[in-house]
Amino acid sequence: MTDDDRIKLEPSWKEALRAEFDQPYMHELREFLRQEKAAGKEIYPPGPLIFNALNSTPLDQVKVVILGQDPYHGPGQAHGLCFSVQPGVPTPPSLVNIYKELQRDLNIEIPRHGYLQSWAEQGVLLLNTTMTVERANAASHANRGWQHFTDRIIQVVSEQQPNTVFLLWGAHAQSKRKLIDATRHLVLTSVHPSPLSAYRGFLGCGHFSRTNTFLVQHGLSPIDWRIPPL
């Protein structure tokens, strides 16, 4: 059995990313995570949820890509979808600002929770560019190899999916712009929705309505950005 046979990954992604699991960086990343766990460190999200973004949004269903940086590092928050938290967890500040812009842009009532699974199931790939983190230690797994894997994911979407919208919020997300063929896709950028920067252009960006206009223009169903109650 090879390493990638043990990875529970949605079939279309597994096929598209198969070669990545044999790359040296992935072997090094796997060993790093093994050693961290052996040292008693708590890693988020839980193992079965590390690839939740891919498992929730098959490659051939991706219509929108939202990029985050790394998972939330508090207990019970992260579940493998960027900006999203598990049910019962207070809505984080950046997501509060995303909700404020949704309300301003599309008159969507601000939800009482931060669980974005409904977006993922409609074709919104909620991808953190680093897919794991140590508890209470932000960016602790940055530059450990995940960046190569998630860069490839962005490239695969750009190459294989037509008419996709990429929402790049903040400098880190915008650094991935070079991986996207902007002649085939819509790339929308703004500052990050965090409280430190949202008022410098995220609030008022209109990205959600612009996304749906683009999708409809290309014969695709729009995203229902409303968050259903739990």
Side-chain angles (χ1 to χ4, degrees), residues 1-27 29-30 33 44-71 78-84 86 115-132 141 144-168 173 176-188 211-212 214-225 227-228:
M1 179 186 282
T2 62
D3 281 332
D4 68 304
D5 288 328
R6 290 198 298 270
I7 294 163
K8 291 190 168 43
L9 192 58
E10 189 278 327
S12 65
W13 282 115
K14 193 167 189 176
E15 182 59 33
L17 299 169
R18 187 174 295 278
E20 296 303 300
F21 291 102
D22 293 324
Q23 296 293 324
Y25 81 80
M26 186 58 83
H27 294 294
L29 173 59
R30 195 177 286 115
L33 292 172
Y44 299 139
L49 293 176
I50 289 173
F51 295 117
N52 191 26
L54 303 178
N55 290 332
S56 297
T57 313
L59 174 57
D60 63 359
Q61 294 177 27
V62 175
K63 296 194 242 180
V64 182
V65 178
I66 298 178
L67 292 182
Q69 196 154 354
D70 69 336
H79 66 112
L81 304 182
C82 73
F83 293 105
S84 181
Q86 304 213 50
Y115 186 60
L116 303 182
Q117 190 72 33
S118 67
W119 290 1
E121 291 169 2
Q122 293 181 74
V124 182
L125 181 64
L126 296 165
L127 182 67
N128 279 315
T129 57
T130 298
M131 298 182 85
T132 56
H141 293 184
R144 288 290 183 171
W146 281 125
Q147 70 276 17
H148 304 301
F149 184 69
T150 54
D151 279 2
R152 183 60 192 144
I153 291 170
I154 297 165
Q155 288 174 318
V156 164
V157 173
S158 178
E159 292 164 2
Q160 298 191 22
Q161 279 297 93
N163 305 316
T164 303
V165 183
F166 290 82
L167 302 180
L168 308 183
K176 305 299 182 181
R177 189 171 190 159
K178 62 184 180 295
L179 304 170
I180 303 161
D181 182 352
T183 66
R184 301 181 66 231
H185 306 290
L186 177 63
V187 181
L188 298 177
T211 293
N212 279 353
F214 178 86
L215 293 175
V216 170
Q217 284 173 343
H218 290 87
L220 298 166
S221 56
I223 304 299
D224 182 355
W225 296 105
I227 303 293

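- Gln86 contributes a side-chain N or O that, together with a main-chain N or O of Ala78, makes up a donor-acceptor pair within less than 3.5 Å.
- In this structure, Glu20 and Tyr25 approach most closely via the heavy-atom pair OE1-OH, 2.7 Å.
- Separating the CG atom in Leu54 from the CG atom in Leu127 is a distance of 6.5 Å, to the nearest 0.5 Å.
- Here CG of Leu9 is found 11.5 Å from CD1 of Ile50. Values are rounded to the nearest 0.5 Å.
- Put simply, the side chain of Leu29 does not reach to within 4.5 Å of the side chain of His148, judged on heavy atoms.
- Leu33 has its side chain within reach of His141: a pair of non-hydrogen atoms, C-beta onward, lies under 4.5 Å apart.
- Under the rule for a side chain to side chain contact (heavy atoms under 4.5 Å, CB included), the partners of Leu186 that lie at least two apart in sequence or sit in another chain are Val165, Leu188, Phe214.
- Contact annotation: the side chain of Pro48 never approaches that of Lys8 to less than 4.5 Å [non-hydrogen atoms, C-beta and beyond].
- Annotation: side chain to side chain contact (heavy atoms under 4.5 Å, CB included) contacts of Asp70 (sequence neighbours excluded): Thr130, Val133, Ala139.
- Interatomic distance, NZ of Lys14 versus CD of Glu10, reported as 10.5 Å (0.5 Å rounding).
- With contacts defined as side-chain heavy-atom distances shorter than 4.5 Å, the pair Trp225/Thr211 qualifies.
- Pairs passing the salt bridge (Lys or Arg N to Asp or Glu O under 4.0 Å) check and including a residue from residues 158-168, sequence neighbours excluded, read Arg152-Glu159.
- Using a 4.5 Å heavy-atom cutoff, the side chains of Phe149 and Leu17 are in contact.
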Please assess Asn128 against Cys82 for the test side chain to side chain contact (heavy atoms under 4.5 Å, CB included), listing each intermediate value before the final yes or no. CA-CA 5 Å; Asn128 279 315; Cys82 73; 3.2 Å; yes
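- Here the side chains of Thr57 and Trp119 are not in contact, with every heavy-atom distance at 4.5 Å or above.
- Test Asp60, Val156, Asn55 against Trp13 for side-chain contact (heavy atoms from CB on, under 4.5 Å) and you get one pass: Val156.
- Taking Tyr115 as the reference, His79 meet the ring pair (Phe, Tyr, Trp, His ring centres under 6.0 Å) condition, with sequence neighbours excluded.
- With rounding to the nearest 0.5 Å, the separation of CG in Leu215 from CD in Gln122 is 10.5 Å.
- Of all heavy-atom pairs spanning Gly68 and Phe83, the tightest one is CA-CE1, 4.3 Å.
- For the pair Ile153/Leu125, a side-chain contact is recorded, criterion being any heavy-atom separation below 4.5 Å from C-beta on.
- Legend: side-chain hydrogen bond (donor to acceptor under 3.5 Å, both in side chains) pairs involving residues 214-223, not counting sequence neighbours, sorted by first then second residue: Lys63-Ser221.
- Of the inter-residue distances, the one linking Thr132 atom OG1 with Arg144 atom CZ reads 10.0 Å to the nearest 0.5 angstrom.
- Between the side chain of Ser12 and the backbone N or O of Leu59 there is at least one donor-acceptor pair closer than 3.5 Å.
- With values rounded to the nearest 0.5 angstrom, Gln147 atom CD is found 11.5 Å from Gln69 atom CD.
- Under the 4.5 Å side-chain criterion, counting only non-hydrogen atoms from C-beta, Leu67 is not in contact with Leu167.
- Considering only residues two or more places apart in sequence or on other chains, Phe166 meets the ring pair (Phe, Tyr, Trp, His ring centres under 6.0 Å) condition with His185.
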Determine, step by step, whether Ile180 and Val65 satisfy the side chain to side chain contact (heavy atoms under 4.5 Å, CB included) criterion, reporting the C-alpha distance in whole Å, the side-chain angles of both residues, the deciding distance to 0.1 Å, and the verdict. CA-CA 11 Å; Ile180 303 161; Val65 178; over 6 Å; no
